[in-house]
Amino acid sequence: MDVPDRIVSDAAWRGPDLAPADWMATLSTAEADEIERATLSIAERNIDLIAIRKEDFPLPTFGARLARITGDVLEGRGFALIRGLDIARYDIREAAIAFLGIGSHIGSARSQNANGHILGHVKDLGLSSADPNVRIYQTHERQTYHTDSCDIVGLMCLKTAKSGGLSSLVSSVTIYNEMRRVAPELVRTLFEPIETDRRGEVDAGSMPYFRIPVFNWYEGLLSTIYQRQYIESARRFPNVPALTQTQIAALDLFDKLANDEKLAMQMELQPGDVQLVNNHALLHDRTSFVDFSEPERRRHLLRLWLAPDSARPLPPVFAERFGSVTPGARGGITVPGLRLVAPLEP
């Protein structure tokens with residue numbers, strides 16, 4: 001395992017060292033108007049939302065800036081927040097068009113579940129993660145630090161909770177550096193394959209879990225894939241061994257570092273905000289929340305899983321989860337008979 005003792009990277013940050021000016025891109029009035037014009041142009045036509053392409057959503061001014069933001073997400077700090085859309089001016093279809101249109105300039109949208117949803121709705125549906133076929137974003141529970149099965153995860157905030165629901169980020173590169181410093185013997189364990197539950201979303205011919213190391217060093221880059229709850233729930237399958245004491249110790253240290261306030265950071269998304277996160281270099285989380293009782297006021301975010309053509313190379317083992325390692329055509333959930341849709345309701 002030819003991994004440096006310490007990885008030097010723009011993505012190896014510590015939360016307290018960052019200021020909002022480092023990661024927030026505020027739209028000018030002209031840029032917000034440009035997005036609105038592109039949105040309304042599509043909204044006036046009877047077009048299937050899954051068919052929206054970059055060419056359908058012209059951004060002659062903001063497009064170049066968005067490309068730079070995307071480059072920083074992929075090759076730099078690993079995340080960005082775009083602020084300045086007046087989402088109150090949009091109905092749900094227009095908000096979806098705006099988000100899909102912006103996403104089309106970043107990469108191809110991938111299915112986020114077995115129903116083929118390329119437009120996800122992050123909302124409490126009254127479900128519980130105790131159900132092995134429920135994913136935590138469908139609840140009000142804290143998610144804990146994890147990665148999604150795509151290159152970039154994008155969120156657009158429509159409505160905030162009554163309290164809580166903060167977005168949390170931490171650098172997986174920094175976690176590696178700290179683990180290597182304090183417990184090098186445990187780091188090696190996380191470079192070994194480990195089973196992670198697919199939560200009932202299983203492609204034809206696949207096992208109900210995948211086996212990919214948490215840490216993967218490939219072509220000079222560290223790529224991380226992680227969801228502790230799903231690693232643990234994979235033990236429900238009879239042919240999956242119990243976690244060893246060494247694995248538990250390594251995962252516990254990983255979690256301890258991820259939750260260290262000296263490493264992580266939090267931000268409060270406001271209506272209209274668009275957050276972009278590189279899943280290979282960062283982990284993301286959401287604090288638990290208390291929602292409003294009125295249905296129309298409940299916390300609601302839209303989500304995209306994006307596959308940019310310019311994304312980093314991934315080791316072949318990622319095909320077990322991503323279906324492919326070809327940039328622009330990888331990631332997402334695939335099951336037999338999948339048909340892509342962009343629903344306007346959860």
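No hydrogens, no waters, no symmetry mates; every other heavy atom, side chains included, goes into these values.
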Locate the shortest heavy-atom distance separating Lys123 from Arg299; write the atom from each residue and the value. CG-O, 3.3 Å

If you look at every heavy atom in Leu119 and Ala96, which pair is closest and at what distance? CD2-CB, 3.6 Å

Would you please indicate yes or no on a ring centroid separation below 6.0 angstrom for Phe254 and Phe215? yes

For Glu320 and Arg211, run salt bridge (charged side-chain N to carboxylate O under 4.0 Å, His left out): C-alpha distance rounded to whole Å, both residues' side-chain angles, the deciding distance at 0.1 Å, then the answer. CA-CA 8 Å; Glu320 190 173 331; Arg211 297 185 75 246; over 6 Å; no

Under 6.0 Å from the CD atom of Glu261, do we count more than 12 heavy atoms belonging to anything else shown? no

How about Phe79 and Trp13: are their ring centres within less than 6.0 Å of each other? yes

Test side chain to side chain donor-acceptor pair (under 3.5 Å) applied to Gln112 and Arg303, His117, His121, the passing residue: Arg303

Any side-chain donor paired with an acceptor under 3.5 Å for Ser171 and Arg14? no

Using the ring of each side chain (for Trp, its six-membered ring), is Tyr176 parallel, tilted or perpendicular to Phe191, with breaks at 30° and 60°? perpendicular

Determine, using the 4.5 Å side-chain heavy-atom cutoff (strictly less than), whether Ile7 and Leu253 are members of one ILVMFWY cluster. yes

At their closest point, which heavy atom of Ser104 faces which heavy atom of Phe57, and how far apart are they? OG-CB, 4.3 Å

Where is the tightest heavy-atom contact between Tyr145 and Asn259, given as atom of each residue plus distance? CE1-OD1, 3.7 Å

If we ignore hydrogens and angles and just use 3.5 Å, is the side chain of Arg235 paired with the main-chain N or O of Pro241 as donor and acceptor? yes

So Leu282 and Val170, do their side chains get closer than 4.5 Å, heavy atoms only? no

State plainly whether one hydrophobic cluster holds both Met207 and Val335, where clusters connect Ile, Leu, Val, Met, Phe, Trp and Tyr through side-chain heavy atoms under 4.5 angstrom apart. no

Between Lys256 and Glu178, does at least one N-O distance fall below 4.0 Å, as a salt bridge requires? no

Check whether any side-chain heavy atom of Val214 lies under 4.5 Å from a side-chain heavy atom of Thr224, and answer yes or no. yes

Between the side chain of Asp148 and the main-chain N/O of Val153, is any donor-acceptor distance below 3.5 Å? no

Using atom types as modelled and distance alone, determine if a side-chain donor or acceptor of Asp33 lies under 3.5 Å from a backbone N or O of Glu36. no

Contact check, side chains of Leu81 and Met267, non-hydrogen atoms, under 4.5 Å: yes

Here the side-chain hydrogen bond (donor to acceptor under 3.5 Å, both in side chains) pairs for residues 65-82, sequence neighbours left out, are Glu31-Arg65, Asp72-Arg77

Identify whether the distance between the nearest side-chain nitrogen and carboxylate oxygen of Arg228 and Glu232 falls below 4.0 Å. yes

